[in-house]
Protein chains: 2
Amino acid sequence: MAPSDPSPLVERFRAYLRERGLPVTAQRDLIAGTLARADDYPSAESLGRSLRAGGAAISTATVYRTLELMVLAGLARASDFGGRVRRYEAGGTAARGHLVCGRCGRITGFSSEALERMMPVLADEHGFQHQEHRTEIHGICRQCAGRDAATLSAGS
Amino acid sequence: MAPSDPSPLVERFRAYLRERGLPVTAQRDLIAGTLARADDYPSAESLGRSLRAGGAAISTATVYRTLELMVLAGLARASDFGGRVRRYEAGGTAARGHLVCGRCGRITGFSSEALERMMPVLADEHGFQHQEHRTEIHGICRQCAGRDAATLSAGS
DNA sequence: GTGGATGCAAACTATTTGCATAGCA
DNA sequence: TGCTATGCAAATAGTTTGCATCCAC
């Protein structure tokens, strides 16, 4: 990663660390930077793997610890989208809803004002104090649907 | 469990099994019956534990396999509500939304017609074929909120 | 210099699987 | 009788933790 152009997420993470006198390390910068650039909701393991593939020397344990710290800091969000691995996304991303493709596994974030408005209302209706919410829509993405249609008409 | 009053879920599971010539076993009846009666979204392990506590001899592996089969049959739903264990609920339950209390961990299902209507629309807006959806609201349940308030005013 | 981060490897937890045996159809 | 479930125990997979060492402050 070029340290000349740190992403806003890296900056915010650094600020968070400095505020409480915690060390800003090369690993933390790298992990935050990679998460900020990731568009595939990586797991701790896959994120570490790609970092190592890029030449960085980072242990899996550090990746786990750092991502956990970022979640705590409110700078990342974690979710296991129906699978068995916890996957992370950069926080601050407006996306609160996620489209999970059952075919290719790709996850796409989206945001909906109507949804945002509805959630606290639904919580309230049940005497529940809303803090945050998570919405997943499982189905088939456009690309996979198109591929299916093509395969169907062409035969295998 | 008294076999004299099998729950509808047990019946439907039996029917599903018979339809495809699969064995209807005592274990499967027990597991389906227990899941039908459970109101706490049990994990495979906790479900097996309570069965064994009740005197039944059922291995953990069988519980996992049976619950998985029920999900496949569309008679149960599985989700890990932000935690690291997969928890199950009887299918057919109208609930599609879940309130997850961050204090006591209790999960409460709810259904909302408005939410049901909105999901396919949201999917469509993004060129996504909607199959199913999952909505979780994380926050504090009424009981815990009340307890907090009491503690606060009384001092610890 | 010191508290905290890192890396390694071992520990853990939840879940899955292989295989011999038992049970339903 | 034949196909499938079950149980046990071992294998996995993902994640966490203990501890010695290293590094940012």
Side-chain angles (χ1 to χ4, degrees), chain A residues 3 6 10 13-35 41-52 55-73 76 78-88 105, chain B residues 3 6 10 13-35 41-52 55-73 76 78-88 105:
Chain A
V10 174
F13 192 27
R14 284 183 184 166
Y16 173 87
L17 294 169
R18 282 201 204 96
E19 265 170 34
R20 37 211 93 200
L22 298 174
V24 174
T25 65
Q27 287 89 334
R28 286 175 171 176
D29 272 4
L30 274 171
I31 292 167
T34 306
L35 181 62
Y41 298 75
S43 66
E45 203 184 19
S46 74
L47 203 152
R49 204 178 328 114
S50 75
L51 273 168
R52 260 173 263 116
I58 291 191
S59 76
T60 309
T62 297
V63 178
Y64 274 102
R65 283 188 278 229
T66 302
L67 287 173
E68 176 61 28
L69 183 59
M70 291 184 72
V71 170
L72 215 84
S79 177
D80 29 34
F81 295 96
R84 69 187 68 57
V85 273
R86 190 172 304 170
R87 304 175 67 167
Y88 296 84
Chain B
V10 173
F13 192 29
R14 284 182 183 167
Y16 173 89
L17 294 168
R18 284 201 203 96
E19 266 170 33
R20 37 211 92 200
L22 298 174
V24 174
T25 64
Q27 287 89 336
R28 286 176 171 175
D29 272 5
L30 275 171
I31 292 167
T34 306
L35 181 61
Y41 299 75
S43 66
E45 203 184 19
S46 73
L47 203 153
R49 205 179 325 117
S50 77
L51 273 168
R52 260 173 263 115
I58 290 191
S59 74
T60 310
T62 297
V63 178
Y64 275 103
R65 283 188 279 230
T66 301
L67 288 173
E68 176 61 27
L69 183 59
M70 292 184 71
V71 169
L72 216 84
S79 177
D80 30 33
F81 297 95
R84 68 187 67 60
V85 272
R86 191 172 304 170
R87 305 175 67 166
Y88 296 83

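Each chain gets a letter, A, B and so on, in the order the sequences are listed, and its residues count up from 1. Only heavy atoms go into these numbers, but all of them, side chains included; no hydrogens, no water, no symmetry mates.
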Within a strict 4.5 Å, meaning less than it, do heavy atoms of the [X] and [Y] side chains meet?
X: B/Thr66; Y: B/Gln27; value: no
X: A/Val63; Y: A/Leu67; value: yes
X: A/Met70; Y: A/Leu35; value: yes
X: A/Arg28; Y: A/Leu17; value: yes

Whole-Å distance separating the [atom1] atom of [X] from the [atom2] atom of [N]:
X: A/Arg20; N: C/dA5; atom1: CZ; atom2: P; value: 12 Å
X: A/Met70; N: C/dA5; atom1: CE; atom2: C1'; value: 16 Å
X: B/Arg14; N: C/dA25; atom1: CZ; atom2: P; value: 10 Å
X: A/Leu17; N: C/dT6; atom1: CG; atom2: C1'; value: 15 Å
X: B/Arg87; N: C/dT15; atom1: CZ; atom2: C1'; value: 16 Å

Is the shortest side-chain N/O distance from [X] to OP1 or OP2 of [N] below 4.0 Å?
X: A/Ser59; N: C/dT6; result: no
X: B/Gln27; N: C/dG23; result: no
X: B/Tyr64; N: C/dT16; result: no
X: B/Arg18; N: C/dA25; result: no
X: A/Thr25; N: C/dT6; result: yes

Please write out each protein N/O paired with an N/O of nucleotides 9-13 of chain C under 3.5 Å, distance rounded to 0.1 Å.
none

On a heavy-atom basis, the closest approach of A/Ser50 and A/Thr34 is OG-CG2, 4.3 Å
Run the side chain to side chain contact (heavy atoms under 4.5 Å, CB included) check on B/Leu69 and B/Arg65 step by step: do they pass? CA-CA 6 Å; B/Leu69 183 59; B/Arg65 283 188 279 230; over 6 Å; no
Counting only N and O atoms by type, is there a donor-acceptor contact under 3.5 Å from the side chain of B/Arg87 to the main-chain atoms of B/Tyr41? yes
B/Gly21 vs B/Ile58, nearer the 5' end of DNA chain D by closest nucleotide: B/Gly21
Among all residues two or more places apart in sequence or in another chain, which pass the side chain to side chain donor-acceptor pair (under 3.5 Å) test with A/Arg52? A/Thr60
Hey, does B/Ala57 reach any base, or is it just sugar-phosphate, or nothing, if we go heavy atoms under 4.0 Å? sugar-phosphate
DNA chain D: 5'-most and 3'-most nucleotides touching chain A, 4.0 angstrom heavy-atom criterion: D/dG14 to D/dC25
Cation-pi check for B/Tyr16 against B/Arg20: NZ or CZ below 6.0 Å from the six-membered ring centre and within 45 degrees of the axis, yes or no? yes
No-H, no-angle donor-acceptor pair, A/Arg65 side chain to C/dG4 base, under 3.5 Å: no
